[in-house]
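Residue indices begin at 1 and follow the sequence shown. This one's a predicted model, so the numbers in the text were calculated from it and none came from an experiment.
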Amino acid sequence: MNIQVIIPMVIFLAIIFFIGFWSSKKLEASTGGFLQEYFLGGRELGGFVLAMTMVATYGSASSFLGGPGTAYTMGFGWVLLAMTQVVTSYFVLLILGKKFAILARKYNAITLIDFLKVRYSDSKAVVLLAAASIIIFLFSAMTAQWVGGGRLIESLTGLKYTTALFIFAVSVLVYVVIGGFRAVAVTDAVQGGVMVIGTLILLIAVIIAGGGVPNIMQDLLNENPNLVTPYGNEGNLSAAYVSSFWILVGVGVVGLPQMAVRAMSYKNTRSMHRALVIGTLVTGFIMLNMHLIGIFARPVMPGIEVADTVIPLVALKILPAWLAGIVLAAPLAAIMSTVDSLLILVSSSIVKDVYINYINPNATEKKVKTLSFGVTAILGSIVFLLALNPPELLIFLNLFAFGGLEAAFIWPIVLGLYWSYGNKYGAIASMITGIVSYIALHFYNLAYGNLFDLHTVVIPVVLSLIAYVTFSLLINKTKYIY
């Protein structure tokens, strides 16, 4: 165990815990109601915090460990594919942004499902389908983050994976449970800053260790010319697959509940416009740096067996111990910032959208508060158990969850905002079609290869669009008044 590496990480965690404690005091002093403060931060996010919480929520274990690990394995083809993520913040705020926030305030919506409930005529089926989708798919996403956090701490400390996973789980649960959404958003802003600095330092260090970019490129060409092409190390990344991936990590992110809810939480229009610019620039900077580090690390440290560990291993090799500790706070920040956002989202789905709506509408604030704390803690414990037996490549577990959520939510959210003839029948049909076709196609592609050489999410998104429009027009065609 390298104490010089550990000390910066401990300082970083102490800062995060302080923010959680500060947020808990704001929570107690809030006059806007516990639910709005705990699950939405009182709708007070400024432009910088909004941008950084979107970046930090989206940038996760798959971006900081799995993505670079896959780039290490597949080469520049994966770097090119990953850069489609630059537009994520831009699309979310441009498409949802102003109208979503206005309607959310009008409906007094605290969660995404609150919005869907009012928009689709208090449909119980829509609410329960949405809650089930969030819980099922986000468990996959949270498991990926838990595994990433455990592996990172394992690499840094030499502790057993189970012990490292336990330390990570406790660290996250403490500040999320006590601080709620405000703690999540403010820590995301801190973590986003750490990500930017950490990725820049590590990229420069890897280029120096590899003897400069021309030398690194020549080493990659000598090893396998495919590594420097858009088609991957085995030449199997087709143009169709790369293009279709843009739907998953570009346009489709408007259907991710954890991103959509942030479009409900900002203070004013100026904040949204600032977040749109800052979020796009920071996402592009971080994603390019991290994936370049992954492929550039290949000549510096050849033969890494578990690709997800490439970032901590290369940082520990080429940087002084104290600087490695600071730099490796970046992937830890990315993982924690995604975990906390997903935890609060799933907790809100259970407490606000299911319990208060259908089990106990007259629950007292004290009971709701106790339940919110308890559910968040229990969810974290369940994910900890699921993460004890981790998969090989985190990124694919995370992307499975992304695709499922997008197939379920993209049209009920987007067309619910912009198409007045959309109704609950279209939303129900769209969600069922999207979820069922996505899961079926996922297993088909695993067995037989990608259908039409497209990413799994493409066909379910198209089918769910057809289902939404068809059922909305065929059953009870009426115009919705916003």
Checklist entry - Around F471, counting heavy atoms of other residues, nucleotides and ligands shown, do more than 12 lie under 6.0 Å from its CZ? => result no
Checklist entry - When rounded to the nearest 0.5 angstrom, what is the spacing between CG in L116 and CD1 in I413? => result 6.0 Å
Checklist entry - Under a 4.5 Å cut-off applied to non-hydrogen side-chain atoms, are Y358 and L128 in contact? => result yes
Checklist entry - M74 and N236: side chain to side chain contact (heavy atoms under 4.5 Å, CB included), yes or no, with the steps? => result CA-CA 10 Å; M74 300 184 72; N236 57 355; 4.3 Å; yes
Checklist entry - So, the side chain of N423 versus the backbone of I475: is there a donor-acceptor pair under 3.5 Å, distance only? => result yes
Checklist entry - Does the cation-pi check pass for R119 over Y107, that is, NZ or CZ under 6.0 Å from the six-membered ring centre and within 45° of its axis? => result no
Item to check | Partners meeting salt bridge (charged side-chain N to carboxylate O under 4.0 Å, His left out) with D453 (sequence neighbours left out) | outcome: none
Next on the checklist: Check whether Y438 reaches the backbone of F400 with its side chain - one donor and one acceptor, N or O, closer than 3.5 Å.
Outcome noted: yes
Item to check | Within 6.0 angstrom of Y231 OH, more than 12 heavy atoms from elsewhere | outcome: no
Checklist entry - Which heavy atom in T376 sits nearest to a heavy atom in S347, and how many Å separate them? => result OG1-OG, 2.9 Å
Checklist entry - Within the distance-only criterion (no hydrogens, no angle test), does the side chain of S430 pair as donor or acceptor with the backbone N or O of G426 below 3.5 angstrom? => result no
Next on the checklist: Given 3.5 Å as the limit, does a donor-acceptor pair link the side chain of Y241 with the main chain of N450, or not?
Outcome noted: no
Item to check | Passing candidate, side chain to side chain contact (heavy atoms under 4.5 Å, CB included) with L129, options I134, I113, I432 | outcome: I432
Item to check | Worked verdict on F168 versus W146 for ring-ring contact (aromatic ring centres under 6.0 Å, His included) | outcome: CA-CA 7 Å; F168 175 77; W146 244 248; 5.7 Å; yes
